[in-house]
Every structure is written in structure tokens, then in C-alpha cells.
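In this text the structure is predicted, and so the values were computed from the model without any measurement.
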Amino acid sequence: MTDHLIIITRYPQVGATKTRLIPALGARGAAELQRQMAEHTLAQAQQLMAQRSASVEIRYSNGSPSQMAQWLGQQWQYCPQGEGDLGDRLIRAFTSAAQEGKQRILAIGIDCPELDTARLALALDTLEHHDLVLGPALDGGYYLIGLQRPIPDLFQGIDWGTDRVLAQTLAIAHRLGLTVAQLPPLADVDYPDDLPIWERVSGRSLPENTERISLIIPTLNEAARIQATLKGVQEASQAAWGVEVIVVDGGSSDATPELAKAMGARVIPTKPGRANQMNQGAAAAAGDILVFLHGDTLLPPKAITHIRQILVQPGTIAGAFELQIWGDQPGLRLVEWGVNWRSRRRQLPYGDQALFLGADTFRQLGGFPDLPILEDVILVRRLRQLGTVAIAPAAVSTSGRRWQKLGVVKTTVINQLILGGYFLGVSPQRLARWYGGDRPTAPPGTPPQAGFPEK
């Protein structure tokens, strides 16, 4: 058999494959898609082998020979890709195949679901009369490269992973005087926007174990702000799959529930109390990841990306965002600095920083303690005993209304006294009365605070 197909792939290790799709699918969903796409590509290779005399070799990374054989079967030839960049690995693959007597050699990845048996056969036939065959990818790379013999120069000095790969390869081929043929261009599936290609070609929906995210927003009389908050959620999750939004309303006397429903959120009525509301939302949530967002707080644009990428880091049990406070009162920037320093150095973010964690972890800890105040502080301290509480490199923007009402110094002093009182054994109920209730509320018709966007 002189025709030879090299398939470049990874073992579908969670968190280490298809990482650019983790923001949309989560780590498990991205790994499952890697698995499905590799199996889809191998099915095309099997059909090629049935039609003509061709051998297939799988060059893998991340896994072991036993893992690969357990996944794809014993019938294939497996070889580790080895060290170096993609160019180094391709040089080794082509050289090894040529040393075994292969005369028409193709190398492909598993990222292009439209690459079918007919195109593979066309590439092999085209190699009869050309030194080099390329399958251009729409992103500026190539999904297939075919050679009659190893040509190491083709893989050197290439900016792998950029939109210059194809152009640089063609320039080298021209300089070497090679005869070149190009197949029709096809699209790779590398980013969330590419996922409809996979669904269309494969006829499959997205992986069932795509990690779902539930955003839980406790509200009480937030009509002046809830639309801005939900719009921020929509913008943060527009490129993500499996995101649900749950507004848990504690008996608003304004139009908060109606406005939330109009924005597409699921609304659950319950008794007031932030801890109770968040626990009720978590109980109703379908997500594998829970995000607790205050009703007067805006997520950063890439929040879902940060959440999924942080929670796949080894040893990380939960996360939150840096804090930005809307307003221009003297001292607010100093408050922000102090909060962000405490969050990063001591792993002690508070609830207004949009805490997020796995649903299983949340249930393991019994949820938020059913207290009128400091429920977030207590939960975070419990989380620190299980692992790292990481801080995303982006900030949520929260209303500065309490600082505006009481002043920056007075609010900061009160917050520290409340914390000190708790650790000295003062009951949370008494602390809540000192603080002024479970949370500040806005009467119906209150306009947005200065600096907090209306839309």
C-alpha cells in the first residue's frame, strides 16, 4: 500500500482539548466534541480504505497507546506526535511514512467535518501529478497537506495557529519550484461561531454533556436596574451554549418580575432574604455551574469565557470577579483597590463580585447558610477549605447606591464592624438590624443611580 493517511489528533482529555470551545461548551463538552469529531474523521478514513489500497496512521498527543486503543480500537497504527511545534511533528510524520515506502502521503487534522472520503481520494489522485496538494481552510490555514516525499522546508518558519499559514506555505513551495494543487476551501471548527458547521455536517446536536451554566439573580424592587443587568448577561453569554437565567424575586412591589420575564429570564417568586432566594434559585437550576449575580450588578462582556476557563484550572474550586463601583465619589477607587487586593491575596471575594462554582460543590456545602447577612462570607470561607477561590481578570460593575447614601467612609466602617461583630460572636440577626436589613431596596419608580447605565 503506497497511499498513506496520517490523522493528527489529541486524546480527548477534559480541559486540554478544543480549549477555544470551552467558553461555549465547557471543558467536558469541548472534550466530547473532540471525541466526536475524531471519530467522524476516522469513519471517512475507513471508507477510504474500503475503496482503495491505503493505510492509516493516527498520530496522537495527550494520551497513551492503551488509552487510544481503548477509545478507537486495536486495529489502527498509533504513534505519539512527539515534541516541538506542528511543523516539527509533521516533518517526523512524513519522514517516517516515506521510510516505510509510502509514496502518496496525506496529513489531516480532525477539525474539518466537511473533509469527506471523496475529497481524500481526490487529494491522493491529484498527488499523481503534483508535488504538493493543499486543502485551504477558510481561516487562513490548511485542513490537508499531501506530499510525494518529505519536504522539511515546507514546515519551517511558519507562524502556526495564525491566518498566515497557507500563504507562507505557498510562498515556500513557489521558492522551491514545487508543483502545487489546491482543493476547494473548507471551514475548520475551532471557535464557538463555527459550531453550526459541525451540527449541519454531522447531523448531531451539540454534546449532551456540554456544561450548562445557571445565572441566579436574587431581586427585590430592582425595576430601575434589572433590565441593564439582564442585558449585560445576554451580552456575556451570546457566544455560549447552555446558559439559563433565573431571577428569584423576593416579593417586589414594583415591576421587577414583569421586566425580567420580558427580558427572557425565568422568574421564581419566593420569600425575601438573599440567602433563601439564591438557595431557591440553585434548587431550581439545571446548570452544572452556578453563578450568583446581584440584581444591580453588570457582568463583564467575556464573563462566561472567564467562568468556564477558571473552573477547569487544577485545584480551583470556585471563582469571582474583580469589583468596579459605579460612581465618582471620593474614596470609591480606594474601596475598589481594597476589595480587589483582599480578593486576590486572601481569596475572599464577596457576593457582589458574582461568585461562581460547580453545582455539586454548592450542594456538598449545603448552599448558602440561611442567614439574613454575611451568607456570602461564610460560603467563601468554606470554599477556601476545599481549594482555590480564583479571581477572574475582569470586573463586574455594581451600583454605588449604598456608598452614595451613607458615604464611603461610613459605609466602609459599618462593613468592617459587621465583619468584626460576626467573628466576635454577635448573632447575624442582630448584625442585620445594625446593617439596615438584608439588602438596600429601591422604591418603585426610583431612577437608576448616577453612572449605572439604563440600557
Side-chain angles (χ1 to χ4, degrees), residues 7-46 58-76 78 80-81 108-116 137 139 143 161 186-215 237-244 285-291 302 304-314 316 319 356-361:
I7 300 177
I8 308 292
T9 189
R10 292 172 177 261
Y11 182 76
Q13 179 181 342
V14 174
T17 56
K18 284 294 178 190
T19 55
R20 288 178 289 193
L21 291 176
I22 287 177
L25 303 178
R28 290 198 304 271
E32 177 60 24
L33 185 62
Q34 163 82 15
R35 179 187 297 274
Q36 291 181 8
M37 292 180 67
E39 293 171 357
H40 173 83
T41 300
L42 205 56
Q44 309 308 309
Q46 285 180 307
I58 300 174
R59 291 245 164 184
Y60 66 90
S61 62
N62 286 8
S64 65
S66 60
Q67 287 175 316
M68 296 298 296
Q70 185 178 12
W71 169 29
L72 297 173
Q74 300 281 351
Q75 70 273 31
W76 304 104
Y78 298 106
Q81 293 179 27
I108 64 173
I110 57 90
D111 299 329
C112 184
E114 294 176 303
L115 177 56
D116 55 15
D139 61 5
Y143 60 83
L186 298 175
D188 283 339
V189 176
D190 290 324
Y191 296 96
D193 289 346
D194 303 325
L195 289 170
I197 299 170
W198 166 250
E199 294 184 292
R200 173 174 55 79
V201 174
S202 68
R204 300 186 188 186
S205 58
L206 294 176
E208 291 182 0
N209 59 352
T210 294
E211 285 174 325
R212 297 162 296 176
I213 290 182
S214 296
L215 282 142
S237 59
Q238 61 184 354
W241 270 251
V243 177
E244 69 170 350
D288 305 288
I289 297 171
L290 305 179
V291 184
K302 296 183 179 180
I304 301 303
T305 297
H306 292 305
I307 289 167
R308 282 178 162 151
Q309 290 179 336
I310 282 176
L311 290 181
V312 299
Q313 300 304 313
T316 298
F356 54 86
L357 69 161
D360 290 342
T361 301

Heavy atoms, side chains only, cut-off 4.5 Å: are L72 and Y78 in contact?
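With C-beta onward as the side chain, the pair touches.
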Contact check, side chains of Y11 and S64, non-hydrogen atoms, under 4.5 Å
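Side-chain contact under 4.5 Å: no.
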Which value, rounded to the nearest 0.5 Å, describes the distance between [X] atom [atom1] and [Y] atom [atom2]?
X	Y	atom1	atom2	answer
Q44	I108	CD	CD1	9.0 Å
L21	D190	CG	CG	7.5 Å
L357	I310	CG	CD1	12.5 Å
L311	D288	CG	CG	11.0 Å
Y143	E114	OH	CD	9.0 Å
R212	L290	CZ	CG	11.0 Å

Between [X] and [Y], which heavy-atom pair has the shortest distance, and what is it?
X	Y	answer
L25	R308	N-NH1, 3.7 Å
M37	P113	CE-CD, 4.1 Å
C112	A187	SG-O, 3.6 Å
A31	P12	O-CB, 3.4 Å
Q67	N62	OE1-O, 4.5 Å
W71	E39	NE1-OE2, 2.9 Å

So D139 and Y191, side-chain contact (heavy atoms from CB on, under 4.5 Å) or not? Walk me through it.
CA-CA 11 Å; D139 61 5; Y191 296 96; 5.8 Å; no
With a 4.0 Å cut-off on N to O distance, would you call K18 and E32 a salt bridge?
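No salt bridge links K18 with E32.
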Evaluate the criterion side-chain contact (heavy atoms from CB on, under 4.5 Å) for residue pair I213 and F356; output intermediate values, then yes/no.
CA-CA 10 Å; I213 290 182; F356 54 86; over 6 Å; no
Can you tell me if Q13 has over 12 outside heavy atoms packed within less than 6.0 Å of its CD?
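Yes, because the 6.0 Å sphere around CD of Q13 holds more than 12 heavy atoms from other groups.
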Please report the C-alpha distance between H40 and I110 in whole Å, then the side-chain angles of each, then the deciding distance to 0.1 Å, and finally whether the side-chain contact (heavy atoms from CB on, under 4.5 Å) criterion is met.
CA-CA 8 Å; H40 173 83; I110 57 90; over 6 Å; no
Dump the intermediate steps for side-chain contact (heavy atoms from CB on, under 4.5 Å) on L115 and T41, then the final yes or no.
CA-CA 8 Å; L115 177 56; T41 300; 5.9 Å; no
Cut-off 3.5 Å, side chains only: do T19 and Q309 have a donor facing an acceptor?
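T19 vs Q309: no donor-acceptor pair found between side chains.
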Does any N or O in the side chain of Q81 come within less than 3.5 Å of the main-chain N or O of T9, such that one atom is a donor and the other an acceptor?
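Yes, Q81 side chain to T9 backbone: donor-acceptor pair under 3.5 Å.
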